[in-house]
Number of protein chains: 2
Amino acid sequence: MAPKIKDVAKKAGVSVTTVSRVLNGEKYVKDDLKERVKSAIDELGYTPSHIARSLVRKKTNLIGVIVPDVTSSFYSTILSNIEQTASLNDYNLLVCNIIEDTDKELKYLNVFKEMRVDGIIIMHEKLNDEIREMIGKLDIPIIFSSVKPPDQQFISVIIDDYEAAYDATRYLIGLGHERIGFIGGDMRDVTSGQNRYIGYCKALADNGIPLVEDCVRFGDYKTQSGYTLIQELLDCEPRPTAVFAVSDDMAVGAMNAVRDRGLAVPDDISIIGFDGSQLTELVRPRVTSMEQPIREMGTVTVNVLIEMIAHPEKAPKQDVILRHELVVRDSCRRNE
Amino acid sequence: MAPKIKDVAKKAGVSVTTVSRVLNGEKYVKDDLKERVKSAIDELGYTPSHIARSLVRKKTNLIGVIVPDVTSSFYSTILSNIEQTASLNDYNLLVCNIIEDTDKELKYLNVFKEMRVDGIIIMHEKLNDEIREMIGKLDIPIIFSSVKPPDQQFISVIIDDYEAAYDATRYLIGLGHERIGFIGGDMRDVTSGQNRYIGYCKALADNGIPLVEDCVRFGDYKTQSGYTLIQELLDCEPRPTAVFAVSDDMAVGAMNAVRDRGLAVPDDISIIGFDGSQLTELVRPRVTSMEQPIREMGTVTVNVLIEMIAHPEKAPKQDVILRHELVVRDSCRRNE
DNA sequence: ATGAAAGCGCTAACAT
DNA sequence: ATGTTAGCGCTTTCAT
């Protein structure tokens, strides 16, 4: 059996309180006692039980994280930064990977509650009623990262997706493109679905370019869906000279489809992505992308959450909006 | 304050023991009492405290996982499967991302100990003395996934890297290649460093092909290192007609470098990767790779670990060796 | 079939 | 400056 505080106290010839005091770095312990306790701890190989501590302190230093898919470059990068920032602040991560599995999410939310996690980070916006209700009466600080659920009560760390999509489209227009296809996300998603689509539409409208419904498709942000959907766009007459894909994964899928059809990016068609995932630099041509500050997003999310945990009464009422940034690489060119 | 078992007992007009009994699905509770307790639980929105439970049961249902880099396609895929299998068995994951940071790993190992996790999964093999010592006296079941540290005392879920590398090299030889470059890993790593290199050497030797030191480089498994190292191989006279990179990431980096130099894969040079990461299908040409059963690896790791947790006395003494498999795609061709 | 009470390992009044 | 003790929320003998 692992040694407990009582064993240390006995060995050092002091009370458990004294041991607890040196454990928690309190003053009011004479140096010689402190030394005795420390060597007792060393000899016994004692490590305090976080469990017991949590029980009395009513604080677990645990953050529950719900990721849609850890294998995605986008989410894993945010997760990586979440982990780093959490670790820096002595928080540990309970990670749940839900692959569109509502039951699993519900289960994990319940686990988070049982575990008495101090805070929760959620990275998807498809909240059904059950989950909404569960979350609503959870009484644990919750923050959304990179997404914004329709509910006003929750706060998010996001970019302005509307504006980012607007800027991405404008970039294409500025390059002389007028037939610009769109490969969108899930229109049930407010940020990554609706807002990006609206931004695209508005940019066209502001520049007197008519929206061609036939050049618009919606997918699920993944490579395969970009691969599939662009094929329909390539069949349009006249063919778009540029395509805006609302995720880098979809952009890469689209680029592969173009290539597999014997066409070239960007010579035959320009493609711009969205997110700023590592993939943009891995493929050839490298993907021009409207980037989110992914790493910063993870960091900010944790910092805001920790603030909410520390001061639940003054929880922020406003979303945190980070800046998006166009990073030009090689997948778009001027339309002559 | 969240309701506790005592509140439920009071509300239902029974003892806490009875509540505990229905919570844990024991028999010996009359139906009407059971009903009363259940509705009290519902009305109060009571959720048992995992903390308190863990304290008395001396079981946390927590598994600590140490990943070198969650943003890597290879590790995140294993992690995803670890999570899935753990969740299926009611275990939760405490995830630690160490980016070659020994201090952080040490810290986390200590956190795992404090948290009294039931088991630990480690996915890297660079154990320095400090970590080795820490792990040695941890008294928590530990299993290594996809890697094998030099120490005989720990068990691993791995493939036979030597044989896999041998087979990969033989595939290239079978394609008619005789000048076969090698982009290896870290020679301090037994599995992914040494064994793959030795397999490569042995395959050459068995086929009467002399090893050309100049066509061998060692990197860190990442894209950038593949990109850099292959440049030196391309300068060799005569130039290798094929290259074996011991990770898909390095293979992709190498392919990019080849392309950026105006050469083509596989027409000018064949490149075979290793791992079977998602990347192989994402880039063009798609990467022929000696694949590890990544998904199975995560599943098996958790299953074995859970077995070790349940029966610490009869811990497996043998590594679990999974089968590797060559998946032919488009990055290698016959050398005429 | 149900309940009283001890204790899991620790912290935090409170007392000295 | 140090020690005593009462919980934290639950499970689990042991009684009844």
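Computed from a predicted structure; not experimentally measured. Chain naming here is simple, since letters A, B, ... match the order of the sequence lines and numbering starts at 1 in each. Values below: all heavy atoms of this structure, side chains included; hydrogens, waters and symmetry mates excluded.
- A:Thr102 and A:Lys126 share no side-chain donor-acceptor pair at under 3.5 Å.
- With hydrogens and angles left out, the side-chain atoms of A:Lys148 and A:Thr191 include no donor and acceptor closer than 3.5 Å.
- In this model, the phosphate group of C:dG3 is approached by a side-chain N or O of B:Thr18 to a distance below 4.0 Å at OP1 or OP2.
- Regarding contacts with the backbone of C:dG9, a side-chain N or O of B:Lys58 is found under 4.0 angstrom from either OP1 or OP2.
- Following rounding to the nearest Å, A:Asp32 (CG) and D:dT2 (P) show an atom-to-atom distance of 7 Å.
- Regarding B:Lys10, its NZ atom lies at a distance of 20 Å from the P atom of C:dT2, rounded to whole Å.
- Contact annotation: A:Arg53 does not reach the phosphate of C:dC10 (side-chain N/O to OP1 or OP2, under 4.0 Å).
- Note: NZ (B:Lys6) to C1' (D:dT11) measures 16 Å, nearest angstrom.
- Following rounding to the nearest Å, B:Lys30 (NZ) and C:dA1 (C1') show an atom-to-atom distance of 6 Å.
- Remark: the backbone N or O of A:Ser156 is paired with a side-chain donor or acceptor of A:Asp319 at under 3.5 angstrom.
- Taking atom CZ of residue B:Arg21 and atom P of nucleotide D:dC10, one finds them 16 Å apart after rounding to whole Å.
- Neither side chain, B:Thr77 nor B:Ser80, offers a donor N or O lying under 3.5 Å from an acceptor on the other.
- Atom CZ in B:Arg57 sits roughly 11 Å away from atom P in D:dC10 (whole-Å rounding).
- At whole-Å resolution of the value, CD1 in A:Ile5 and P in C:dG9 are 11 Å apart.
- Residues A:Val29 and A:Val16 both approach DNA chain D. Their nearest nucleotides, taken by heavy-atom distance, put A:Val29 toward the 5′ side.
- Between A:Ser20 and C:dT11, a side-chain N or O to OP1/OP2 separation shorter than 4.0 Å is present.
- The residue B:Ser49 sits close only to the backbone: its heavy atoms come under 4.0 Å of sugar-phosphate atoms, none of a base.
- Remark: the A:Thr17 side chain and the C:dT11 base include no donor-acceptor N/O pair separated by less than 3.5 Å.
- When rounded to the nearest whole Å, the span between CG of B:Leu23 and C1' of D:dG9 equals 11 Å.
- Judged by distance alone, with hydrogens and angles left aside, B:Arg116 brings no side-chain donor or acceptor close enough to the base of C:dG9 to form a pair under 3.5 Å.
- With 3.5 Å as the limit, one finds no donor-acceptor pair spanning the side chains of A:His124 and A:Glu100.
- Residue contacts for B:Ile51: at a heavy-atom cut-off of 4.0 Å it reaches no nucleic acid atom on any strand shown.
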